[in-house]
Amino acid sequence: MSIRARFAPSPTGQVHIGNIRVAIFNWLFARHENGRFLLRIEDTDRERCTPEAIATLLDSMHWLGLDYDEEALYQSTQFDRQHALAEWLLEQGYAYRSGEESQGTAIVFRIPWEARSYDCVHYSEQVDVQLHADEPLVIDATGVNYAHISRKGKPVKEKSCLVGMADLAVYDTDGGCLFYMPDAIDEILEGGKSFSFDNAARLSFSRHNVSYNDIIKGTLSKPLDSLKDMVIVRSDGSPVFHLANVSDDITQEITHIIRGDDHVENTYRHILLYKALQYDPPRYAHLPMIVNAQGKPYSKRDGDAFVGDFRSKGYLPEALFNYLSLLGWSPGDDREKMSRGELVEAFTLDRVQHTPAQVDLRKLEHLNGQYIAELNVQDFVSQAREFADEQPWGDNIDEKQFQRVAELMQTRTKKLVDVESWAHFFRDIPEYDQQACRKMLTNAETRQALSRVREKFQTISFEEGEIEQAIHAATEEVGIKQGKLNQPLRVAVTGRTVGAGIYETLAVLGREAACRRLDYAINNLCGEDDDE
RNA sequence: GACCCCAUCGUCUAGUGGCCUAGGACUCCGGGUUUUCAUCCCGGCAACAGGGGUUCGAGUCCCCUUGGGGUCGCCA
């Protein structure tokens, strides 16, 4: 059978970086296996799940190239199917109603009494539990309520599903047997009878474990008695996550569920639900979570937590995709910068890490810089232009000029927002770094040399080579060492100490702008060494 | 607190009992190219959490401790 994986987000307006990584891993897995990658939109939270939120989600996926097969399934369209399953469970005795009739009753999934015969359930050990005298032992159709004794002697309340203690025997302080589950189960299940004991001192039962083989984490198991029956339909009639999720996965014929680590504990119950519903459970793979730069789980306040944050800072989708795929996974060799095709080819779940991975923005930035450097010039120009549009100086600029600046700056750009530092190319007079001015421009010789350069600029053809020659000539005339004028000139013309080569910068700027700035600097910034 | 999972440089990772004197990448620090910066090239700092076993041999297997994470809802 062909593999079917899915991404099942609940759109809330922004797409979390951890979620999109789950989507990427699902996508990579599906594409590697030549299977299908499906999208299911869990849009049952009417408050938060607006059309805009869905649009944002789709947009983020499209941006990252996460194309999906078949039509997206909207969970809100599946109520009938989900309710039908709940009703069926009710009819079969796998579920019961709970709560006050007047308030409306919830539907609760009962961990099936025959669970011990499932192939995913195995005997584990004999268990004895000492009970706390303060809390009564109550056994009814919803399970076994009891309290064991904590290390400090306090009562710790617990609840187990009935089958978790299927051969339960209850003893009083004298060792007398008060209750034996196999004798009472019919009365409980069919008659709704309940038992309560104030004098119960000890429980004894044979423990069974539900287990499954996680593709990433290996064999995992959980005692059946640590599981409680779970609500699958709320008293207001709305299906709970567990039911909706399983129901829709059945509908979409999902074969592999790849999701965050936070779902591991749900898996046991979901498997049991599948079993009760008479379906084979899918394979599961639980991804380690990703954590922020502080090593803590991402919270909404972290900043840089959403796909949109990265996009608006000018990370390229290929770079983010590449980086995220390397968080918690590696191809097994030294490759890091990998194309989508290479990633698809190399991706297997068994190489996924078992530990939470910390996001390192610097590494992402480095990778992004590499992707930017590889962009062909026209792509870079047009993408940079979009970011320039956001700048106050971005409105009426010469496109030819912009292109020349972009060519100069491409290898110096790590993120597209870096174009904000190109301002000095496009304003009449740049913003001057005062400290740099003091350091670079306040020398008398410098002022003199700049004046000479200014004069020469008037007459030369304004090209890189001639500009360089003019500068050399000026320094010689004034008696400054070759190259010593470059930085002062840079400050005078761009306002800052770093940037592209000064000859190129000058050439791009053009005679008119260069001279205007030189005049400004000479007249306003080149005061003698006279700072008070 | 209970249950479960995990543990290699600061970070992402390679490593599946001998090929490990623990490799790569980011960061940082040197050096080279260069008119500054960036790119590019060369070099350096830096890790098997601790303690016990098993074994001729352990980063690799087992146990304990410590540390981290996850889960304990009519949230998803």
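We name chains A, B, ... by the order of the sequence lines, and we start the count at 1 in each one. Scope of the values below: all heavy atoms of this structure, side chains included, with no hydrogens, waters or symmetry mates.
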Rounded to the Å, how far apart are [X] [atom1] and [N] [atom2]?
X         : N       : atom1 : atom2 : value
Glu158(A) : rG1(B)  : CD    : P     : 15 Å
Leu367(A) : rG24(B) : CG    : P     : 19 Å
Asp214(A) : rC6(B)  : CG    : C1'   : 13 Å
Lys296(A) : rU11(B) : NZ    : P     : 13 Å
Leu287(A) : rC5(B)  : CG    : P     : 18 Å
Lys217(A) : rG69(B) : NZ    : P     : 14 Å
His148(A) : rG1(B)  : NE2   : P     : 13 Å
Asp350(A) : rG15(B) : CG    : P     : 10 Å

Could you state the interatomic distance from CG (Leu224(A)) to CE (Met165(A)), rounded to the nearest 0.5 Å?
-> 10.0 Å

Between the protein and nucleotides 12-14 of chain B, are there any N/O to N/O pairs under 3.5 Å, and if so, what are the atom names and distances?
residue: rC12(B); atom: OP1; partner: Gln358(A); partner atom: N; Å: 3.0
residue: rC12(B); atom: O2'; partner: Leu326(A); partner atom: O; Å: 3.1
residue: rC12(B); atom: O2; partner: Lys363(A); partner atom: NZ; Å: 3.2
residue: rU13(B); atom: OP1; partner: Gly328(A); partner atom: N; Å: 2.3
residue: rU13(B); atom: O3'; partner: Ser330(A); partner atom: OG; Å: 3.2
residue: rA14(B); atom: OP1; partner: Ser330(A); partner atom: OG; Å: 3.1
residue: rA14(B); atom: OP1; partner: Arg351(A); partner atom: NH2; Å: 3.4
residue: rA14(B); atom: OP2; partner: Gln353(A); partner atom: OE1; Å: 3.4
residue: rA14(B); atom: OP2; partner: Gln353(A); partner atom: NE2; Å: 3.2

How does each nucleotide of nucleotides 29-48 of chain B score, in 5' to 3' order, for protein heavy atoms under 4.0 Å: base (B), sugar-phosphate only (S), or none (-)?
-> ------BBBBS---------

Assign a letter to each nucleotide of nucleotides 70-76 of chain B from its 5' end: B, base within under 4.0 Å of a protein heavy atom; S, sugar-phosphate only; -, no contact.
-> BS--BSB

Please measure how far the [atom1] atom in [N] lies from the corresponding atom in [M], and state the result in whole Å.
N       : M       : atom1 : answer
rG18(B) : rG52(B) : C1'   : 23 Å
rG30(B) : rU21(B) : C1'   : 23 Å
rG15(B) : rU55(B) : P     : 28 Å
rG59(B) : rU54(B) : C1'   : 16 Å
rC5(B)  : rA38(B) : C1'   : 44 Å
rC62(B) : rG44(B) : P     : 36 Å
rA47(B) : rG10(B) : C1'   : 10 Å
rC40(B) : rU33(B) : C1'   : 8 Å

Just name whichever nucleotide pairs with [N], Watson-Crick or G-U, keeping both distances under 3.5 Å, else none.
N       : answer
rU36(B) : none
rC61(B) : rG53(B)
rA7(B)  : rU66(B)

Would you tell me whether Thr267(A) and Lys222(A) have side-chain atoms, one donor and one acceptor, within less than 3.5 Å of each other?
-> no

Is it true that the side chains of Ser211(A) and Asn209(A) contain a donor and an acceptor less than 3.5 Å apart?
-> no

Need one value for [X]: base, sugar-phosphate or nothing, where a base atom within 4.0 Å counts as base even if backbone is also close, heavy atoms only.
X         : value
Lys481(A) : nothing
Arg151(A) : sugar-phosphate
Ile471(A) : nothing

Do NZ/NE/NH1/NH2 and the carboxylate oxygens of Asp236(A) and Arg234(A) come within less than 4.0 Å?
-> no

Are any of the side-chain nitrogens in Lys414(A) or Glu365(A) under 4.0 Å away from the carboxylate oxygens of its partner?
-> no

Looking at Phe109(A), does the NZ or CZ of Arg269(A) lie under 6.0 angstrom from its six-membered ring centre and within 45 degrees of the ring axis?
-> no

Check: Phe25(A) ring centre within less than 6.0 Å of Trp329(A) ring centre = no

Between Tyr284(A) and Tyr212(A), is the ring centre distance below 6.0 Å?
-> yes

For the pair Tyr315(A) (side chain) and Glu318(A) (backbone), establish whether a donor and an acceptor sit closer than 3.5 Å, ignoring hydrogens and angles.
-> no

Please list all pairs passing the ring pair (Phe, Tyr, Trp, His ring centres under 6.0 Å) test where one or both residues lie in residues 218-250 of chain A, with sequence neighbours left out.
-> Phe241(A)-His263(A), Phe241(A)-His270(A), His242(A)-His270(A)

Counterpart residues, side chain to side chain donor-acceptor pair (under 3.5 Å), relative to Arg412(A) (two or more places apart) = none

The complete set of salt bridge (Lys or Arg N to Asp or Glu O under 4.0 Å) pairs with one or both residues in residues 477-497 of chain A, sequence neighbours excluded, reads Arg452(A)-Glu477(A), Lys456(A)-Glu477(A)

Assign the ring pair Tyr298(A) / His16(A) to parallel, tilted or perpendicular, where the plane angle (0 to 90°) is split at 30° and 60°.
-> perpendicular

On RNA chain B, nearest-nucleotide positions of Val156(A) versus Tyr268(A): which is more 5'?
-> Val156(A)

